[in-house]
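Since the structure comes first, as structure tokens, the remarks are kept for the end.
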Amino acid sequence: MNVLVPLTELITYILFSILIGHVALQFVSPEKKPSIYISKRFLLSCVLGIILFTFGPLLQVVAYFGGSVGVAQTLFSVLFTFEIGKAWIAIVWCSTLLWLAIYLENSKYVQAVLLFLMVLSIGYASHVASLSFWTGFTSHTVHFLAVTLWAGILIQVSWFSKDSTNWDRFLRWFTPFAVSCMIVILISGVIVMLFVIDIKDYINAWVLPYGQMLLLKHISIIPLLAFAFINGILVRKMRKTPTFDPRPWIKTESVSVLIVFFFTGILGTLSPPHDIDQTVKSEGGANWVINLLGSSIRIPVNLQLIGSFQGIVAFIFGVLFFIMIFLSFYKKKAPILAIFLSLCFIISTYLGLMSSIELR
């Protein structure tokens, strides 16, 4: 279950992104985007996949409570009394209608409305919506929509485009669009985070699995921004080379998005630490952090960053790996190398931070 549910969260993000990107690009004129082909059968499978994989979080709840009152009764209760169950029922209905709309090649407006209702259902079932409905619901919905819009268009043009025609015209509107999405993502993401963790407790949260995944997610955003800069700005200069194909580098950006989705999926299955001291007292800290500190975690938690030789060395390696991402682009190396370098950056930066903490 610890592996299954995060995997369903990851796949849910991917499926929503594919469908939202497909529908969004229907509103863009053909001369402002590359030629894209995606089969109807694949799109229909994505819709059915959303029904299946959005059931993952419900499965976690049923498994948690099912042992006391029975699986059937727990499932009925979760579906009709829990927000997450009501949201899944709404997703099933909207997905069924969306499947029919795609199969019958219905209006793009109908498809967009149905997808938007499904996104609203995701926001309705979110943890932050249960804490402060309107603010939490709105911020999570906006965050999810901005992420899947940006990622979805990236996935469509990188993995399903037949050629790189109209690429300059595509970048002319997509670059400012992507920047706008990133601004919205960052603002809404901070709002969502502040519902769970007070900003002054951000470092203290690293003693918990939730804080560890949040840190990894934030670090993984940095190489994503690097790829966005390469594909939005630097690639225009390379377009002067007739043999240059920008699509492989767009693929690296989409893979970088998937890395962020991976950490987000795990994050969604962990207990949010509204009170870090109480969470440590009831659930304990992350085993890796306890081993790193060489002692049990004392309450109240007071984790601080300090200078350490190991941490500085790891940070230096992280900076070098980050620089090499850009060098691999300028030297026209295989984009897969840039993905490897971004993973090395994430690992080095993470180890640098974890080697520079001290419990006081």
Side-chain angles (χ1 to χ4, degrees), residues 1-17 19-20 46-99 113-145 147-148 188-189 191-197 208-210 213-214 261 263-275 278-279 282-283:
M1 190 65 69
N2 291 337
V3 176
L4 178 62
V5 177
L7 184 62
T8 63
E9 293 273 347
L10 170 62
I11 297 175
T12 295
Y13 267 94
I14 296 172
L15 296 179
F16 264 102
S17 297
L19 290 171
I20 288 175
C46 289
V47 177
L48 296 177
I50 286 179
I51 296 176
L52 175 63
F53 291 106
T54 50
F55 190 77
L58 276 80
L59 189 62
Q60 186 178 33
V61 177
V62 172
Y64 183 80
F65 292 106
S68 55
V69 296
V71 174
Q73 185 176 345
T74 303
L75 179 60
F76 182 85
S77 177
V78 169
L79 284 175
F80 295 101
T81 61
F82 285 52
E83 279 74 11
I84 191 173
K86 297 174 184 176
W88 185 75
I89 292 174
I91 287 173
V92 170
W93 279 107
C94 291
S95 295
T96 303
L97 294 174
L98 179 61
W99 192 94
V113 169
L114 290 170
L115 266 173
F116 183 64
L117 290 175
M118 292 162 67
V119 171
L120 291 178
S121 300
I122 294 290
Y124 176 78
S126 66
H127 177 72
V128 290
S130 65
L131 300 175
S132 175
F133 181 74
W134 287 113
T135 306
F137 165 72
T138 303
S139 57
H140 191 278
T141 300
V142 169
H143 185 74
F144 185 85
L145 181 61
V147 167
T148 49
S188 59
I191 294 173
V192 170
M193 184 186 73
L194 292 178
F195 272 104
V196 180
I197 300 176
L208 299 168
Y210 188 95
M213 283 301 109
L214 187 63
F261 283 174
F263 293 125
T264 304
I266 298 176
L267 196 65
T269 64
L270 299 173
S271 301
H274 301 290
D275 187 321
Q278 184 61 38
T279 305
S282 60
E283 300 180 9

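Here, residue 1 is the first one in the sequence, and each next residue gets the next number.
- Looking at residues two or more places apart in sequence or on another chain, you find a side-chain contact (heavy atoms from CB on, under 4.5 Å) between Pro209 and Leu270, Ala286.
- Not a single side chain to side chain donor-acceptor pair (under 3.5 Å) links His140 to another residue, sequence neighbours left out.
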**OP:** Go through Ile197 and Tyr210 one step at a time and tell me if the side-chain contact (heavy atoms from CB on, under 4.5 Å) criterion holds.
**Re:** CA-CA 10 Å; Ile197 300 176; Tyr210 188 95; 4.0 Å; yes
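- By the ring-ring contact (aromatic ring centres under 6.0 Å, His included) test, Phe137 pairs with Phe133, sequence neighbours left out.
- Residues satisfying the side chain to side chain donor-acceptor pair (under 3.5 Å) criterion with Ser188, sequence neighbours excluded, are His143.
- Pairing each heavy atom of Leu267 with each of Leu214, the nearest pair is CD1-N, 3.6 Å.
- Considering only residues two or more places apart in sequence or on other chains, Ile84 meets the side-chain contact (heavy atoms from CB on, under 4.5 Å) condition with Pro57, Leu58, Val78, Phe82, Ala125.
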Subject >> Derivation of the side-chain contact (heavy atoms from CB on, under 4.5 Å) call for Leu4 and Leu59 >> reply: CA-CA 10 Å; Leu4 178 62; Leu59 189 62; 3.9 Å; yes
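- In this structure, CG on Leu7 lies 10.0 Å from CD1 on Ile266, to the nearest 0.5 angstrom.
- Of all non-hydrogen atoms in Pro273 and Thr279, the two that sit nearest each other are CA-OG1, 3.7 Å.
- Taking all atoms of both residues into account, the shortest heavy-atom contact from Trp134 to Thr138 is O-OG1, 2.6 Å.
- Looking at Val147 and Thr264, their side chains never come closer than 4.5 Å, going by heavy atoms from C-beta outward.
- Counting all heavy atoms, side chain and backbone alike, Gly136 lies closest to Val128 at O-CG2, 3.3 Å.
- Screening residues 75-85 for side chain to side chain donor-acceptor pair (under 3.5 Å) gives Ser77-Thr81 as the qualifying pairs, with residues at least two apart or on separate chains.
- Shown here for Glu283 and Ser271, the closest heavy-atom pair between the two residues is OE2-OG, 3.6 Å.
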If you look only at distance, which donor and acceptor atoms sit under 3.5 Å apart when one is on a side chain in residues 87-99 and the other is two or more places apart or in another chain?
from	atom 1	to	atom 2	distance (Å)
Trp88	NE1	Ile51	O	3.0
Trp88	NE1	Thr54	OG1	3.3
Ser95	OG	Ile91	O	2.7
Thr96	OG1	Val92	O	2.7

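- The OG1 atom of Thr148 sits 12.0 Å away from atom CG of Leu15, with the distance rounded to the nearest 0.5 Å.
- With sequence neighbours excluded, the residues satisfying ring-ring contact (aromatic ring centres under 6.0 Å, His included) with Phe76 are Phe80.
- Partners of Tyr13 according to the ring-ring contact (aromatic ring centres under 6.0 Å, His included) rule, which considers only residues two or more places apart in sequence or in another chain, are Phe144, Phe261.
- Among residues at least two apart or in separate chains, side chain to side chain donor-acceptor pair (under 3.5 Å) pairs with a member in residues 115-133 are His127-His274.
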Original post:
side-chain contact (heavy atoms from CB on, under 4.5 Å) between Phe116 and Leu145: does it pass, once the steps are laid out?
Top reply: CA-CA 8 Å; Phe116 183 64; Leu145 181 61; 4.1 Å; yes
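- Every residue two or more places apart in sequence or in another chain that forms a side-chain contact (heavy atoms from CB on, under 4.5 Å) with Gln73 is listed here: Val69.
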